[in-house]
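Reading through the structure tokens given below for one structure.
In this chain, residues are counted from 1 in sequence order. These values consider heavy atoms only, across backbone and side chains, with no hydrogens, waters or symmetry-generated copies. Nothing here was measured: the structure is a model prediction, and the numbers come from that model.
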Amino acid sequence: MVLNSGSLNRRIQIQRATQTPDGYGGFDNEWNDFGPAIFARRRDVSDAERLSAGAWDNKLVTRFIIRATAFGRSIARYDRLLHEGVPYGIDGIKEVPDSRGFLEITAITSEGLEVNSPFEV
């Protein structure tokens with residue numbers, strides 16, 4: 001796989017959850033942009049429809065490749081990724097084999113997506 005700047009032709013936005021007081025002694029989780037929008041390469045890995053607990057579950061697994069900058073290395077599994085207005089939960093982040101200059105983010109979106117949160121116990 002040859003990677004170059006031209007293959008990073010999609011814009012993604014990383015978001016991080018923050019807690020804000022709800023006025024009743026509790027907290028609400030709110031997603032806010034984390035860092036600037038960055039360029040990425042998108043590759044859909046699989047999509048699946050399955051019947052689970054009497055309801056259809058639509059899931060899309062996508063790999064986004066980004067430059068391995070200091071910001072890119074600060075992205076965590078509890079963050080989420082927005083691409084074309086669709087939220088993706090981050091399932092994993094790793095270096096691209098044979099290229100320390102890029103990171104691969106495996107992300108999943110589905111109907112009724114529950115994104116990882118650093119505040120859940």
Nearest atoms (heavy-atom pairs only) where Ser74 meets Phe34: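 Closest approach of Ser74 to Phe34: OG-CE2, 3.7 Å.
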
Gln13 (side chain) donor-acceptor with Gly35 (main chain) under 3.5 angstrom: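 At least one qualifying donor-acceptor pair exists.
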
Side-chain donor/acceptor of His83 to backbone N/O of Arg11, under 3.5 Å: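 Here the side-chain-to-backbone pair exists.
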
When rounded to the nearest 0.5 angstrom, what distance separates [atom1] in [X] from [atom2] in [Y]?
X	Y	atom1	atom2	result
Ile105	Arg41	CD1	CZ	14.0 Å
Arg77	Ile90	CZ	CD1	9.5 Å
Ile12	Tyr88	CD1	OH	10.5 Å
Arg100	Glu95	CZ	CD	5.0 Å

Would [X] end up clustered with [Y] when hydrophobic side chains under 4.5 Å apart are linked, directly or stepwise?
X	Y	answer
Ile38	Ile93	yes
Leu60	Leu81	yes
Leu82	Phe39	no
Phe27	Trp31	no

Derivation of the side-chain contact (heavy atoms from CB on, under 4.5 Å) call for Ile65 and Val96: CA-CA 8 Å; Ile65 295 178; Val96 173; 4.1 Å; yes

pair Asn29-Gln19: side-chain heavy atoms closer than 4.5 Å: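 Yes - at least one pair of side-chain heavy atoms lies under 4.5 Å apart.
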
Within-4.5 Å side-chain heavy-atom neighbours: Lys94 and Leu103: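 SC-SC contact between Lys94 and Leu103 ruled out.
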
Other residues, nucleotides, ligands: >12 heavy atoms within 6.0 Å of Arg73 CZ: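 Enclosed.
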
Donor + acceptor pair across side chains of Asp44, Thr62 (<3.5 Å):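 On atom types as modelled, these side chains qualify, holding a pair under 3.5 Å.
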
Any donor-acceptor N or O pair under 3.5 Å, side chains Thr18, Asn32: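 There is such a pair between these side chains.
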
Derivation and outcome, side-chain contact (heavy atoms from CB on, under 4.5 Å), residues Gln15 and Asp79: CA-CA 6 Å; Gln15 292 190 319; Asp79 294 330; over 6 Å; no

Stepwise side-chain contact (heavy atoms from CB on, under 4.5 Å) check, Phe64 with Arg42: CA-CA 5 Å; Phe64 293 92; Arg42 176 185 170 165; 3.8 Å; yes

Electrostatic pair Glu30-Arg16, nearest N-O below 4.0 angstrom: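 A salt bridge is absent here (no side-chain N lies under 4.0 Å from a carboxylate O).
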
Criterion side-chain contact (heavy atoms from CB on, under 4.5 Å) on Val61 and Asp91, from CA distance to verdict: CA-CA 9 Å; Val61 178; Asp91 191 46; over 6 Å; no

